[in-house]
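Contents: one structure, followed by commentary.
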2 protein chains.
Amino acid sequence: MLKPLPKARSSDLLRARLREHGLKLTHQRELIAELFLSQDHITVEELYHEVAKNDPSIGIITVYRTLKLLCQWDLAQERHFGKGKTIYDNVAWKSHHDHLICTKCGRIIEFSNFQIEKFQEQVAGEHEFRITFHKLELYGMCKTCDTHVGKRPPRAHGHTA
Amino acid sequence: MLKPLPKARSSDLLRARLREHGLKLTHQRELIAELFLSQDHITVEELYHEVAKNDPSIGIITVYRTLKLLCQWDLAQERHFGKGKTIYDNVAWKSHHDHLICTKCGRIIEFSNFQIEKFQEQVAGEHEFRITFHKLELYGMCKTCDTHVGKRPPRAHGHTA
DNA sequence: TCTGAATTGAAACGAACTTTCAGTATGTTG
DNA sequence: CAACATACTGAAAGTTCGTTTCAATTCAGA
């Protein structure tokens, strides 16, 4: 489920940030951060379950707190699709991007488009507004779900990846 | 605070929808809908306070329920800017639009831009995705707040209007 | 006016966090 | 390496925003 991505580097990143802020490196933080930084996006609940596989003694409270720290350091970003749970985006090695969200299977595709951002700036200019960040979410159906409409629902295909 | 907009028409709209669905016209629904339909966007809390000015006996629960009905009938739309309270958009006489949100004073400006929507379709096509709806939110500072950065904060200027 | 179904308000409930607090782990200093 | 000041942790209680339950009330058609 979780990709074996930059392992050494993710713990380096964590250590560096902790040191910068005079915070302590605990094994809880180490585990939570490593698991978080080796995937794309995840909810607190999901991450908590992953963490529990390795160390069931860690509470979900600590997962909340650690994710909040990662957000402060721009290693994570909160997302609120619809009104449900918060999704935390791993942005440690990624630049800004927007999302396509399949309303049927929950699949999330990341993209970025220069033209769109250009016109956003234009709109902002027309309203004498200075943009600091933006969110663009395109909801609809991915190809797999779309071709299965009315038929038997497709088998799960990458809900979280 | 609340604009004296289409009054007769808003109650007609309500009556029509209630009748269509075999629901009853209560004075609570009438008041809540009229107040809601005479402004642009509002939170449950705010609308509840407006309602209370006219009839303090109406509970916030009924405001929740009535807004939910209006949403079902496409007279209102839920918005979730950031993680805070839900904002209900009056869309009774409006077509789709997106938002500029001032992170300082909370002011919300509506806009729509054909070019952006065109490129959204292009992106979707590239990912074999069929868009059913989208959300675009541009966060930043409105002119008033921007020119007051570092100085005394500006007086309130249209937070909700 | 009668009557049954829809509606209402209060209160309990629920989900998703957040805060509080006493015990514990960490890293630094000597 | 031991001591110590602090940061950190988990559990439980508390918030916030919203939903469900339920007895009492209101509405609208006959």
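Being a predicted model, the structure only gives us computed values, none of them experimental. Lettering of chains follows the sequences in order, A, B, ..., and the numbering in each one begins at 1.
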*asked:* Under a 4.0 Å threshold between the charged nitrogen and the carboxylate oxygen, would A:K104 count as salt-bridged to A:D146?
replied: no
*asked:* Expressed as a whole number of angstroms, how long is the span from B:I42:CD1 to D:dC17:P?
replied: 15 Å
*For A:R29, answer base if it contacts any base atom (sugar-phosphate contacts may also be present), sugar-phosphate if it contacts only those atoms, and nothing otherwise; contact means non-hydrogen atoms under 4.0 Å.*
sugar-phosphate
Table of protein N/O atoms under 3.5 Å from nucleotides 23-30 of chain C N/O atoms:
residue, atom, partner, partner atom, Å
C:dT26, O2, A:K24, NZ, 2.6
C:dG27, OP1, A:L25, N, 3.1
C:dG27, OP1, A:L25, O, 3.2

*asked:* List the residues meeting ring-ring contact (aromatic ring centres under 6.0 Å, His included) with A:H97, not counting sequence neighbours, and say none if there are none.
replied: A:H99
*Indicate, with a heavy-atom threshold strictly under 4.0 Å, whether A:I58 touches base, sugar-phosphate, or nothing.*
sugar-phosphate
*Which residues share a ring-ring contact (aromatic ring centres under 6.0 Å, His included) with B:Y139, sequence neighbours left out*: A:F133
_Considering only residues two or more places apart or on different chains, which pairs with a residue in residues 55-67 of chain A satisfy salt bridge (charged side-chain N to carboxylate O under 4.0 Å, His left out)?_
none
*A:E30 CD - D:dA7 P separation (whole Å)*: 20 Å
*asked:* Please confirm whether the shortest side-chain N or O distance from B:T86 to OP1 or OP2 of D:dC17 is below 4.0 Å.
replied: no
*Can you find a heavy atom in the side chain of A:M141 that is under 4.5 Å from one in the side chain of B:R130?*
yes
*How close or far is atom C1' of C:dA6 from atom CZ of B:R65, stated in whole angstroms?*
11 Å
Which atom pairs, donor and acceptor, lie under 3.5 Å between side-chain atoms of residues 23-30 of chain A and protein residues at least two apart or in another chain?
residue, atom, partner, partner atom, Å
A:T26, OG1, A:R29, N, 3.1
A:R29, NH1, A:K24, O, 2.8
A:E30, OE2, A:R15, NH2, 2.8

Show the atom names and distances, to 0.1 Å, of all donor-acceptor pairs under 3.5 Å that link a side chain in residues 115-122 of chain A to residues at least two apart or in another chain.
residue, atom, partner, partner atom, Å
A:Q115, OE1, A:K118, NZ, 3.3
A:E117, OE2, A:H134, NE2, 3.4
A:Q120, OE1, A:H134, ND1, 3.2
A:Q122, NE2, A:E126, OE2, 3.4

*So, for B:L13 and B:L75, which heavy atoms are closest and what is the spacing to 0.1 Å?*
CD2-CD2, 3.6 Å
*asked:* Restricting to side-chain hydrogen bond (donor to acceptor under 3.5 Å, both in side chains), what partner residues turn up for B:E128, sequence neighbours left out?
replied: A:K143
*Apply ring-ring contact (aromatic ring centres under 6.0 Å, His included) to A:F111 and list each qualifying residue two or more places apart in sequence or on a separate chain.*
none
*Nearest-Å distance for atom pair CG/C1', residues A:L18 and D:dA7*: 11 Å
*Considering heavy-atom distances to DNA chain D, does B:H80 or A:V63 have its closest nucleotide positioned more toward the 5' end?*
A:V63
_Atom-pair distance (CD1 on A:I87; C1' on C:dA16), nearest Å_ = 14 Å
Enumerate the protein-to-nucleotides 1-3 of chain D contacts in which both atoms are nitrogen or oxygen and the separation is below 3.5 Å.
none

*asked:* For residues 70-79 of chain A, which residue pairs pass the salt bridge (charged side-chain N to carboxylate O under 4.0 Å, His left out) check, not counting sequence neighbours?
replied: A:E78-B:K83, A:R79-A:D89
*Starting at CD of B:E45 and ending at C1' of D:dT16, how long is that distance when rounded to a whole Å?*
10 Å
*Rounded to the nearest Å, what distance is computed from the OH atom of residue B:Y48 to the C1' atom of nucleotide C:dA10?*
11 Å
*side chain to side chain contact (heavy atoms under 4.5 Å, CB included) partners of A:A124, counting only residues at least two apart*: A:F129, A:I131, B:L100
*How close or far is atom P of D:dT16 from atom OH of A:Y64, stated in whole angstroms?*
16 Å
Please enumerate all protein N or O atoms sitting under 3.5 Å from an N or O of nucleotides 12-15 of chain D, with distances to 0.1 Å.
none

